[in-house]
Amino acid sequence: MRYNFSETEKKWQKRWEDEKIFVADDSDKTKKKFYGLVEFPYPSGAGMHVGHIKAYSGLEVISRKRRMEGYNVLFPIGFDAFGLPTENYAIKTGIHPRKVTDDNIVRFTDQLKRVGFSFDWTRTIDTTQEDYYKWTQWIFLKMFENGLVFRDTALVNYCPHCKVVLSNEDSQGGKCDICHTDIVQKSKDVWYLRITEYADKLLQGLDTVDYLPNIKMQQVNWIGKSTGAFVNFKIANRDDSLRIYTTRPDTLFGVTFMVIAPEHPIIEKYRDSIKNIADLDAYKEECAKKTEFERTQLVKEKTGVKIDGLSAINPINNKEIPIYISDYVMMGYGTGAIMAVPAHDERDYDFAKKFGIDIIEVIKGGNIAEAAYAGDGEMVNSEFLNGLTNKKDSIAKVLEYLEEKGIGEKGVQYKMKDWAFNRQRYWGEPIPIVHCPVCGMVPVPYEELPLKLPEVSNFEPGEGGESPLAKIDSFVNCTCPKCGAPAKRETDTMPQWAGSSWYFLRYIDPHNDKAFADKEKLDYWMPVDWYNGGMEHVTRHMIYSRFWHQFLYDIGAVPMAEPYAKRTAQGLILGPDGDKMSKSKGNVVDPNNVVDEYGADVLRVYILFMGDYASAAPWSENSVKGCKRFLDRVAGMADMIKGEGVTPALESAFHKTIKKVTGDIEELKFNTAIAAMMTLTNEIYDNGGLTKDEMKIFVKLLCPFAPHLSEEIWEALGEKGFCSLAEWPTYDEAKTVDSMVEIAVQINGKLRGTLMIPAEISKDDALATVKNDEKIKPFIEGKTVIKEIFVPKKLVNLVVK
RNA sequence: GCGGGUGUGGCGGAAUUGGCAGACGCGCCAGACUUAGGAUCUGGUGUCCCCGACGUGCAGGUUCAACUCCUGUCACCCGCACCA
C-alpha cells in the first residue's frame with residue numbers, strides 16, 4: 001500500500017475528533033476505568049521539543065491499549081500557564097501575559113494534535129483562566145480556614161535578578177531555579193503553607209503507592225525525617241536554658257562544648273553581658289556575606305567565635321562547658337543550637353581540634369586521637385550507660401533518664417521546611433486575603449471568588465521587591481469583608497506550583513461551576529491510575545500536590561488520601577551530540593520538522609524505539625529513517641495478503657509477538673515491543689505474505705504506536721469503525737511454544753554446536769541424541785562423561801574427562 | 001561526605017533473571033535493479049595471530065555454566081549536602 005503520510009494523518013486526526021472517540025465517557029460508572037496522567041506543559045515561547053513528545057508517548061500507548069481492552073479511559077491534557085518566563089517576556093516586549101499565554105497555548109495545541117495524541121480535548125484546562133484559578137483560591141482559603149496558612153517575617157531565599165522570594169524547593173543548590181543567579185538571604189514578610197504538618201503523612205503515604213523505587217527514595221530523603229531528642233542545657237548563672245536537638249542523646253557524657261547558629265536569638269538577649277560582642281557581630285556579618293558557593297567550598301575549614309560571658313551546664317553531669325557561634329550550625333534546622341560531641345561527630349571533631357577543646361570518648365571502637373568515631377561500640381565514661389553495647393539500648397536508657405528528670409524528651413525533626421507560598425509578581429493567582437486594621441487578616445468570602453487579576457500595563461516589580469499589584473490603587477483599596485472598615489488587599493500572588501497542585505482533579509469535571517469537581521465523578525475516576533513525568537518534579541510538584549490532595553482528603557473533598565496510584569518517569573532525549581538539548585547549544589530537535597519530513601507515526605515509533613524509556617538517549621536522524629523504513633514495510637504488507645485464516649508457518653510467531661507486545665507495553669519496554677513487531681515483519685516478508693486476519697492482528701498491535709497508518713490499513717482491509725477502538729488481540733499460550741527447539745550443546749561449558757530437538761523430549765532421549773550427533777562425537781570419544789546437565793529447551797552440557 | 005544509578009560491538013540498545021552474549025535498529029562492506037541514488041531489494045558484519053582462541057569497565061571468587069551471584073576496585077551520571 002502506498003500512502004501519503006501527511007494527508008493520511010490529517011484525515012484520521014480529523015475523523016477521531018469528529019467522532020469524539022477519545023472523549024472520556026463516565027456515564028456508566030460500573031465500567032472499569034483507567035485514568036492516565038501526564039504532566040501538563042508550561043506553554044513557553046520556545047514551543048515544544050521532542051522531550052515533551054517522549055514524556056507523553058508512554059501513557060499515550062498505555063491509554064490507547066486500555067481503550068482497546070475495553071476501559072473507559074481518561075487521558076487529558078492542559079496548560080500550566082502562570083509563571084515567571086511568560087511575565088519576563090511580557091516585561092521585555094510589552095505584550096500582555098494573557099496574550100502571550102493564549103498564543104503559546106494555540107501553538108502547543110497545534111503541535112500536540114499533529115502528533116496524533118489521543119487526548120480528550122474537551123477537558124483541556126488552563127490554570128490562568130478565572131474559572132480555574134477560582135478553585136485554586138478556594139483551596140487556599142480552605143487551608144487558611146484550617147490553620148495551614150501563616151505569615152511570618154523570616155530570612156528567605158531571594159533572587160536578586162528575578163526580584164522574587166523562592167521556596168527551598170525552587171532554590172536547590174543555592175541557585176534560582178529560573179535564572180540560576182545565586183540566591184541571597186533576605187528578611188521579608190512571607191506566606192507559608194504548613195506542609196511540615198503533613199510530613200509524616202507524606203512519608204507514610206509512600207507505603208501505599210506504586211512509585212519507582214528511586215522516586216520514593218528521593219521523596220523520603222527530601223522529607224528527611226530524623227528521630228532523636230530535645231535536651232535543655234542550663235545557661236550558667238542565668239535562669240534560662242539553651243535547647244538543642246540531637247540524634248545521639250546517648251553521647252551526652254561526651255559533650256564538651258555547645259555551638260549555636262550565628263543568628264541565634266540568645267546573642268541579642270544577652271548582648272549586654274557578652275564581653276566580646278563586637279567579635280560576634282563581626283563574625284555574623286562575615287557569615288551573612290558568604291554566598292552558598294563559598295559556604296560549600298569551605299566545608300572542611302571550620303570557623304567560629306567563643307562567646308565570652310556565657311557558658312552552659314551539661315545537664316547530665318553538671319559540668320560547665322563553653323558556647324561558640326559557628327555557621328556550621330544552621331538556624332533553620334532543629335533549634336539552631338547543638339551539643340557538640342567531638343569524639344563521635346566529624347564536624348564537632350574538626351571544630352574541637354581547631355579550637356583546642358577537650359575530646360572525651362564515650363563509645364569504644366575508634367581511635368579518637370585520629371578521627372571521630374561514629375560507629376557502634378561499648379559505652380564508656382558515661383556513668384549509668386557504661387557497658388551498654390547497643391545504640392538503641394543506650395538511647396532508650398538515656399531518654400528515660402532525661403524525661404524523668406525533666407531535662408529533655410524524645411523528638412522528631414524534618415529537613416523539609418514549610419512552603420514559602422508567595423511571589424511579588426503579577427502573573428499568578430492573587431492571594432485572596434484582605435488586611436484589615438481592625439480584624440487583621442480576613443479571607444475574601446468564597447462567593448466573591450475568583451478574586452480576579454486586575455488589568456495592568458506595567459508588570460515590572462518594584463525595586464524593593466513588591467508586587468506590581470501594589471501599584472494598582474483600585475485593587476489594593478477595599479473594605480474589610482468582616483467589619484466593613486477600609487482595608488487593603490494582599491498584593492502578592494501564589495507561586496507557579498499552586499495551579500499544578502490539583503489540576504488532575506479538575507480534568508475530572510472541568511466545567512463545573514459549583515465545585516472544583518463533582519463528588520460522584522471523583523469517586524469514579526480517582527485515583528490517577530498511572531502518572532508519568534520527569535524526575536525533576538519528584539521533590540516539588542509531586543510533594544506539593546500530594547500535600548494538597550491529602551489536605552483535601554482530610555476535609556472530605558476527595559475520596560482517598562493519595563492521588564497517584566502509580567508513578568513512573570521517562571528519560572531525557574539528548575541532542576544528536578549527546579549533550580542535553582538546549583537552545584544555547586543549538587541541538588534542539590523540533591517535533592514539527594520530524595512530522596513534516598517523516599510523519600507523526602515515524603516520530604512516535606522512533607521516540608519509543610530509541611532506547612529504554614526511563615533512560616536518556618541521544619537523538620539520531622539515521623535511526624529515524626530506520627523507523628520510516630519499518631512503517632513503509634508494514635504498509636507494503638497490505639499488498640501481500642493471501643486469503644484469510646491462519647498461515648501455519650507464522651502462527652506461532654504471531655502468538656509470541658502478541659504476548660511480547662502485550663507484556664512489554666505494561667512494563668514501558670516499548671523498544672523491545674517495537675523490535676518484536678520488526679522481527680515479525682521480517683518473518684512475514686520471508687514467508688512472502690500473510691492472511692487478512694493476520695494483517696488485522698498486526699495493525700491492532702501497531703495501533704498504539706503508529707495509529708494513523710494502522711487506521712489506514714484497517715480501512716483498506718474493509719473494516720468498519722476505528723482500529724483505535726478495535727479489540728486488543730489475545731494469544732494462546734500453548735501456541736507460543738514451538739514443537740521443535742534449537743538447543744545449545746556444550747562440552748565442559750564450551751559451545752560445540754546446536755541441535756534441533758523436540759521441545760518436550762526427555763532428558764535421556766536428549767542426551768542420547770546429543771551423544772549420537774556427528775559433530776559432538778569427536779569431543780566425547782575416548783573420554784569419560786562425568787556429569788550430564790540438561791536444561792529443557794535450552795541446552796545440554798556434558799562434562800568429560 | 002551521604003543516598004540512588006550506570007558501565008555490553010563503530011553507534012542506540014537486547015538477553016525469558018544463572019543456560020547459545022550482541023535480539024531489533026543504525027552505520028559499514030559486497031552485490032542486484034538503475035542514466036543516477038542519500039530510493040528499494042539480497043547477503044555479510046564482536047575482536048584476533050580466523051580449521052582455533054578471546055570477548056559484557058578492571059582484578060579475583062563461587063558454579064558443569066556468570067553480563068547476571070559474591071569480594072575488592074576504577075570510571076561516569078543523577079539527587080541531597082556542615083540536617084546535629
Side-chain angles (χ1 to χ4, degrees), chain A residues 172-174 212-222 224-226 228-229 244-248 251 258-259 261 292 295-296 298-302 326-330 332-341 345-348 350-351 413-416 535-536 538-539 571-572 574 578 605-606 609-612 614-627 629-630 632-633 636 659-660 663 669 671-682 685 742-755 786-800:
Chain A
Q172 297 181 31
L212 288 178
N214 55 332
I215 293 177
K216 276 193 191 182
M217 197 73 65
Q218 268 196 38
Q219 295 202 355
V220 168
N221 287 344
W222 187 258
K225 180 175 182 170
S226 93
I244 62 96
Y245 175 74
T246 178
T247 53
R248 297 299 302 269
T251 60
M258 299 187 80
V259 187
E292 194 75 18
R295 277 185 50 191
T296 49
L298 300 170
V299 155
K300 288 276 176 283
E301 194 62 22
K302 295 278 179 292
S326 171
D327 65 353
Y328 86 88
V329 174
M330 312 286 140
Y333 183 80
T335 62
I338 62 158
M339 62 177 218
V341 186
D345 180 283
E346 201 188 324
R347 295 150 300 167
D348 298 347
D350 292 345
F351 195 88
Q413 280 294 301
Y414 300 93
K415 282 191 210 176
M416 189 169 68
M535 283 306 292
E536 69 276 19
V538 164
T539 52
L572 293 176
L574 305 173
V605 168
Y606 172 61
F609 180 66
M610 61 195 295
D612 178 7
S615 308
W619 186 266
S620 157
E621 179 86 15
N622 275 328
S623 294
V624 175
K625 289 180 189 161
C627 291
R629 215 166 287 156
F630 164 56
D632 285 345
R633 273 162 70 82
K659 181 180 180 177
K660 178 84 180 146
K669 290 165 79 174
N671 53 338
T672 50
I674 293 166
M677 289 187 278
M678 288 173 168
T679 306
L680 181 58
T681 301
N682 293 342
Y685 270 79
E742 190 185 50
I743 60 157
V745 180
Q746 298 181 335
I747 306 296
N748 292 340
K750 289 217 159 72
L751 183 69
R752 294 301 177 190
T754 58
L755 213 54
I786 53 174
K787 196 161 184 180
E788 297 165 331
I789 291 117
F790 172 64
V791 183
K793 298 178 199 176
K794 294 287 179 196
L795 58 49
V796 165
N797 186 12
L798 301 176
V799 185
V800 300

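Below, read A as the first sequence line, B as the second, and so on, with proteins coming before strands; counting in each chain starts at 1.
A/Glu742 comes within 4.0 angstrom of a base, heavy atoms only. Among the heavy atoms of the strands, none lies under 4.0 Å from A/Asp348. Across all strands, A/Ala616 comes closer than 4.0 Å only to sugar-phosphate atoms, never to a base (heavy-atom distances). Using a 4.0 Å heavy-atom cutoff across all strands shown, A/Val329 reaches at least one base atom of the nucleic acid.
Taking the nucleotide of RNA chain B with the nearest heavy atom to each of A/Ala744 and A/Thr246, the more 5' of the two is matched to A/Ala744. Annotation: of the two residues near RNA chain B, A/Met339 and A/Gly753, the 5′-most nearest-nucleotide partner is A/Gly753.
If you measure from atom CE of A/Met217 to atom P of B/rG5, you get 7 Å, rounded to the nearest angstrom. A/Tyr685 places its OH atom 14 Å from the P atom of B/rG43, with the value rounded to the nearest Å. Rounded to a whole Å, the CG atom of A/Asp350 is 14 Å from the P atom of B/rG1. With rounding to whole Å, A/Lys415 atom NZ is found 13 Å from B/rC2 atom P. Atom pair A/Leu795:CG and B/rA21:C1' shows a separation of 14 Å (rounding to whole Å applied). Distance CE (A/Met535) to P (B/rG3): 17 Å, rounded to an integer number of Å. Between the CD1 atom of A/Ile215 and the P atom of B/rG5 there is a distance of 13 Å, given to the nearest Å. When rounded to the nearest whole Å, the span between CE of A/Met416 and P of B/rG79 equals 20 Å.
Comparing the C1' positions of B/rU45 and B/rC50 gives an interatomic distance of 15 Å, to the nearest angstrom. Between B/rG43 and B/rA36, the two C1' atoms lie 23 Å apart (nearest whole Å). The C1' atoms of B/rG12 and B/rU62 are separated by 34 Å, rounded to the nearest whole Å. Annotation: B/rG9 and B/rA15 have their C1' atoms spaced 15 Å apart (nearest Å). When the C1' atom is used for both B/rU56 and B/rA66, the distance is 10 Å, rounded to whole Å. Between B/rC11 and B/rC48, the two P atoms lie 14 Å apart (nearest whole Å). For the P atoms, the distance from B/rG57 to B/rC83 is 35 Å, rounded to whole Å. Taking atom P in both B/rC54 and B/rA21, one finds a spacing of 13 Å when rounded to whole Å.
The distance from the CE atom of A/Met610 to the OG atom of A/Ser623 is 8.0 Å, given to the nearest 0.5 Å. Once rounded to the nearest 0.5 Å, the distance linking CZ of A/Arg633 with CG of A/Asn682 reads 5.0 Å. Note that CG of A/Asn748 and CG of A/Asn797 are 7.0 Å apart. Values are rounded to the nearest 0.5 Å. Considering CD of A/Gln746 and NZ of A/Lys794, their distance stands at 12.5 Å, rounded to 0.5 Å. Note that the OG1 atom of A/Thr672 and the CE atom of A/Met677 stand 9.5 Å from one another [nearest 0.5 Å]. Distance CG/A/Leu680 to NZ/A/Lys660: 13.5 Å, rounded to 0.5 Å.
Checked by distance alone, A/Glu346 brings no side-chain donor or acceptor within 3.5 Å of a matching partner on the base of B/rC82.
Both cation-pi conditions hold for A/Lys302 and A/Tyr328: the charged atom is under 6.0 angstrom from the six-membered ring centre and inside a 45 degree cone around its axis.
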With sugar-phosphate taken as primed atoms, P, OP1 and OP2 and all else as base, the protein-contact string of nucleotides 24-29 of chain B at under 4.0 Å (heavy atoms; B, S, -) is BSSS--
Taking protein heavy atoms under 4.0 Å as touching, what does nucleotides 61-69 of chain B look like 5' to 3' if B marks base contact, S marks sugar-phosphate-only contact and - marks none? ---B-----
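Side-chain atoms of A/Gln218 and A/Thr539 include no donor-acceptor pair closer than 3.5 Å.
Looking only at side-chain heavy atoms (C-beta outward), A/Val220 and A/Met217 stay at 4.5 Å or farther from each other.
With a glycosidic angle no more than 90° from 0, B/rC50 adopts the syn conformation. Annotated as anti: B/rG31, whose O4'-C1'-N torsion sits more than 90° from 0. In this structure, B/rU17 shows a glycosidic angle within 90 degrees of zero, which is the syn conformation.
For the salt bridge (Lys or Arg N to Asp or Glu O under 4.0 Å) test, residues two or more places apart in sequence or in another chain that qualify with A/Asp632 are A/Lys628. Scored by the side chain to side chain donor-acceptor pair (under 3.5 Å) test, A/Ser226 finds A/Tyr245, A/Tyr333 as partners (sequence neighbours excluded).
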Would A/Ile338 and A/Asp345 satisfy side-chain contact (heavy atoms from CB on, under 4.5 Å), going step by step from the backbone distance to the final call? CA-CA 12 Å; A/Ile338 62 158; A/Asp345 180 283; over 6 Å; no
Take A/Ile244 and A/Met258 through the test side-chain contact (heavy atoms from CB on, under 4.5 Å) and record every step on the way to the result. CA-CA 9 Å; A/Ile244 62 96; A/Met258 299 187 80; 3.4 Å; yes
Sub-3.5 Å pairs of nitrogen or oxygen atoms, protein against nucleotides 15-18 of chain B:
residue: B/rA15; atom: OP1; partner: A/Lys669; partner atom: NZ; Å: 3.3
residue: B/rU16; atom: N3; partner: A/Lys794; partner atom: NZ; Å: 2.3
residue: B/rU16; atom: O4; partner: A/Lys794; partner atom: NZ; Å: 2.6

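With hydrogens and angles disregarded, a donor-acceptor distance shorter than 3.5 Å links the side chain of A/Tyr606 to the backbone of A/Ser620.
Nearest heavy-atom pair, A/Pro618 versus A/Gly578, reported as atom, atom and distance to 0.1 Å: CB-CA, 4.2 Å. Contact between A/Phe609 and A/Cys627 at its shortest, heavy atoms only, is CD2-SG, 4.0 Å.
Between B/rA84 and A/Tyr333, a contact under 4.0 Å exists linking OP1 or OP2 to a side-chain N or O.
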Toss me the dot-bracket line for RNA chain B: Watson-Crick and G-U wobble, both under 3.5 Å, 5' to 3', using | for pairs to another strand and [ ] for crossers. (((((((..(((......[....)))((((((.......))))))(((...)))..(((((..]....))))))))))))....
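Ranking B/rA84, B/rG12, B/rG4 by closeness to the A/Arg347 side chain, first place goes to B/rA84.
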